[in-house]
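Just so you know, these numbers come straight off a predicted model, no measurement behind them. Letters A, B, ... mirror the listed sequences (proteins, then strands); counts begin at 1.
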Amino acid sequence: MNALNHLIATATFWMPRQASDVAVELDNVFYFIYYLSVIFFVGIIAAMVYFSLRYRRKSADQRTSPIAHSNTLELWWTAIPTVLLAVIFFWGFKAWVTLNVPPANAMEIQVRAWKWGWEFTYNTPNTTFTSPNLYVPEKKPIKLVMTSNDVLHSFYLPEFRIKRDVIPKRSTVLWFEARQATGTWPEETARKQDPKTGKWGDVSLSKPYNLFCAEYCGQQHSMMMRKVYVLSQAHYEKWVAEKEKDAGSDKPLDVLGQELYTSKTCNTCHSVDGTAVLGPSFKGRYGAKIEFADGTSGQMDDDYIIESIEYPNRKIAKGFPAAMPTFKGQLDAKQLRALVAYIQSVNGKYNAQKK
Amino acid sequence: MTTATDAIRPGGGPSATGHAEEKDYLNVDNSIMSWLFTLDHKRIGLMYLASVLFFFFFGGVLALLIRTELFTPGADFLTYFVSGKNAAELKLAAADLYNQLFTLHGAIMIFLFLIPSIPATFGNFFLPLMLGAKDVAFPRLNLFSFYIYVLGALFFLYTLASGGLDTGWTFYTPYSTSTNTAVIASTFGAFILGFSSILTGVNFVVTVHKMRAPRMTWTRIPLFLWALYSTSLIQILATPVLAITLLLLIFERALGIGIFDPAMGGDPVLYQHFFWFYSHPAVYIMILPAFGVISETISVHSRKHIFGYGFIAASSVSIALIGFLVWGHHMFVSGQSPLASLLFSMITFAVAVPTAIKVFSWVATLYKGSIVFNAPMLNALSFIFLFTIGGLTGLFLATLATDVHLHDTYFVVAHFHYVMVGGTLVAFLAAIHHWWAKMFGRHYNELCGRISAIFVFIGFNLTFFSQFVMGSQGMPRRYFTYDQVSPELLSIYTRMHQISTVGSMILGLALTFTLFYLTHSLFFGKKVHNDSDLRWTGESMEWKAATPPSPHNFHEQPIAYNGPYDFKEIDHSLGGGH
């Protein structure tokens, strides 16, 4: 089983690893077209090179053939490609039907994309939780229901050979089934740094797949990459249990805020060390007077933070572009308070007692 | 070389010998005004030639900047051109610059180079000559469309000065309605350019219908003109749709009317339908004239009647018509209905058949010919090699299942560069060498021409074949960096990007070299004193005009006694395949 696993996990010159059965079917279509193309290409070029050399001009008055057409030849080279193209079309269509019809028993995960990040929402019988990377159990059909907050994005897993645009105010559906687990533990659990040696734990346990955004979406389009972890059923359940515990737990607000700071990708534009990136840093501004782009000013307090998260373009800090997308409707009241708490803590002004 | 004077048939215009003192279209009047207000299709063709070459080299420099950045996975080269207080700021500023570079590269190459490239230059110059006509049907309209082109191009350049455009040449909504860059100016530029394209198309269609020389039946029209005729039909029928689409986009941005933006109740996928309804046929605007050039060069330089004239002519028209019904193959993963995708895939395969027939016919034309490996012929053979790869890789993208994986990856980038650069640009090079002496009355250096053809071929393949590999391995297009991918993909992407970048440098040098020796030959090239100095001639009408042609092309009305491919080397005693 291990040898087989290794075999199918191996990438070829043309294609990355095959992470699903659909990938195998699709690669068969790919290689069918590929070998047909190679045969036709070699035939055409061989004929071209042979004729060019065989009939190259040896004397200025070299005679040439009066052949101007041949019905037989033209009929054949119309008919044969037509038949072959029909075969390619039907095979490609058949594989595509599989790609498009999610099985009825598929497990549903909600996908949300924005400039520039992804979020996966899991609804379990007990609770709802989110994750910035995609964790799935092996050999289980997964159905993704996807939407975008702002512009077009495209959900692309090269190892699974699937792709679908993610569109604002609409939902698109995609499904896949991972063949087998690529590691025993999810990275975020297994990959613990040893505080003494500074070395990372058993990283080889987990070999994630790539998630790309394939539809151009502006500045950080190429930095919208995330990971897909395929886990055994048992490990997946453990991961879910851990996430459920986190979601239900009464963890300190500033810690929850710190998690949101990363998972909602605030960190791509707002630093916590005082350096300005695309937006102002969270450090050193809390409680301070802020100059706005329209010439007015105000204090950076809790209300301003929440207002800016929900309506980023109302009061734009002077010297920064109006580039922030709205997060209205994506954060509940507790999460908003958590982000405020985190910004307070970054500035040393968070008082845990206050709640 | 055969004596070209023999090739001049009765009624084909006087030979240059009797008119040695006569002024040609170039030296008839040297004032600037005589160029700016010229109604001569040949001069207008040359003004287009100078303009499109300028934009081609501008777009090419942008391409080299892009390739240099991609040599390494992270943000490197472009960070030297931007300012920022720290590494993170530099990286984001460089990402913005990268997005502007690839947008301008695409927009300039498509709208300012590829669409006008062959039709507006060689089409303008040779369409009347090949028909045996004095000029196009509407010379003033012809000059007008040149100035519309200049105006549209200026709008495009304005986007550079006004802070850059970063939407990609496709202007996809809702990104294009939400970005702060100069979308309105540049779409308005594309809108204006569309009119230039439409007017040229109208002019060509009327000219082909009404101004053919006596006895030039529809089956005696050179294939280059069949190609231009088909192209003109597309320009007339498809371009208005682009104009409407871009106008709607401008309305949405300027007036806030919700058409495509979902936040205002619009539909972003509708935009893609509108856009590709024009832009897919536009692909044929770019490639059909190239097919025509190849039909001419292959037959002239193998001294053989083109194989399957009827099939090639019919395939140009059928590609033009079927080309209107395949736009949805750009949208297999966009969320359009599966039934629509199914039909679009099927019709796309239907376009592949006439295209394959053309390639087979060109190769069959070589059979028992008298083939010479000069610069135009090397470029034409290079075209067959590259276009065949471009065409065959199109099959992977027309197939529903494989397109899902390959869509929006470098595989697509490689595919359309094989068609647009390996196809159209190489055909453009074949055309420029094929007709250079006839156009300017001077010879380019043949050795330089051959070296250029070979190095363009090598540089091109290195640049773009590597992109097929990284694309099928998943590398998405329009990526500024690729350093976040998993290690096994990172090593493939890096290696392939490096091969591609090295190849692009070779390609850039080869094309610069070409520009250099061609320009040099304008002033120092060996003069063509009379038609017997020409290294080759053809049997189509343009070869019967003086070299360079006189201002009104022919001194007396030429008559098409024979077809354009009835070379005198053809030995009718050999028997044919009839």
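- Residue B:F373 touches chain A through its side chain alone, counting heavy-atom pairs closer than 4.5 Å.
- Proximity to chain A (any heavy atom under 4.5 Å) is restricted, for B:T399, to the side chain, taken from C-beta onward.
- At least one donor-acceptor pair under 3.5 Å links the side chain of A:Q62 to the backbone N or O of B:G369.
- Residue B:D166 touches chain A through both its backbone and its side chain, counting heavy-atom pairs closer than 4.5 Å.
- In this structure, A:W77 has its ring center closer than 6.0 angstrom to the ring center of B:F307.
- Residue A:I45 touches chain B through its side chain alone, counting heavy-atom pairs closer than 4.5 Å.
- Within the 4.5 angstrom heavy-atom criterion, no atom of B:D483 approaches chain A.
- Contact count against chain B (heavy-atom pairs under 4.5 Å) is highest for A:Q220 among A:Q220, A:K58, A:K94.
- Using cut-offs of 30° and 60° on the angle between ring planes, the pair A:F212 and B:Y493 is tilted.
- Heavy-atom distances place both the backbone and the side chain of B:P338 under 4.5 Å from chain A.
- Proximity to chain A (any heavy atom under 4.5 Å) is restricted, for B:T167, to the backbone atoms N, CA, C and O.
- A donor-acceptor pair under 3.5 Å is formed between the side chain of B:Q473 and the backbone N or O of A:F13.
- Residue B:F360 touches chain A through both its backbone and its side chain, counting heavy-atom pairs closer than 4.5 Å.
- Paired with B:F396 under the rule ring pair (Phe, Tyr, Trp, His ring centres under 6.0 Å), one option of A:F30, A:Y31, A:W14 passes, and it is A:F30.
- Counting only distance, with no hydrogens or angles, the side chain of A:K163 and the backbone of B:V333 share no donor-acceptor pair below 3.5 Å.
- Residue contact with chain B, scored on non-hydrogen atoms closer than 4.5 Å, is absent for A:R54.
- Test B:F102, B:Y479, B:F171, B:W169 against A:Y216 for ring pair (Phe, Tyr, Trp, His ring centres under 6.0 Å) and you get one pass: B:F102.
- The closest side-chain heavy-atom distance from A:L85 to B:L395 is below 4.5 Å.
- Looking only at distances, a side-chain donor or acceptor of A:N210 sits under 3.5 Å from a matching main-chain atom of B:S486.
- Neither the backbone nor the side chain of B:Q336 comes within contact range of chain A; no heavy atom of the residue lies under 4.5 Å from a heavy atom of that chain.
- A donor atom on one side chain and an acceptor atom on the other are not found under 3.5 Å apart for A:T64 and B:S370.
- Only the backbone of B:T173 comes within less than 4.5 Å of a heavy atom of chain A; no side-chain atom from C-beta onward does.
- For B:I492, no part sits under 4.5 Å from any heavy atom of chain A, backbone or side chain.
- With a threshold of 4.5 angstrom between heavy atoms, B:S178 approaches chain A through side-chain atoms but not through N, CA, C or O.
- Between B:S302 and A:F51 there is no side-chain heavy-atom pair separated by less than 4.5 Å.
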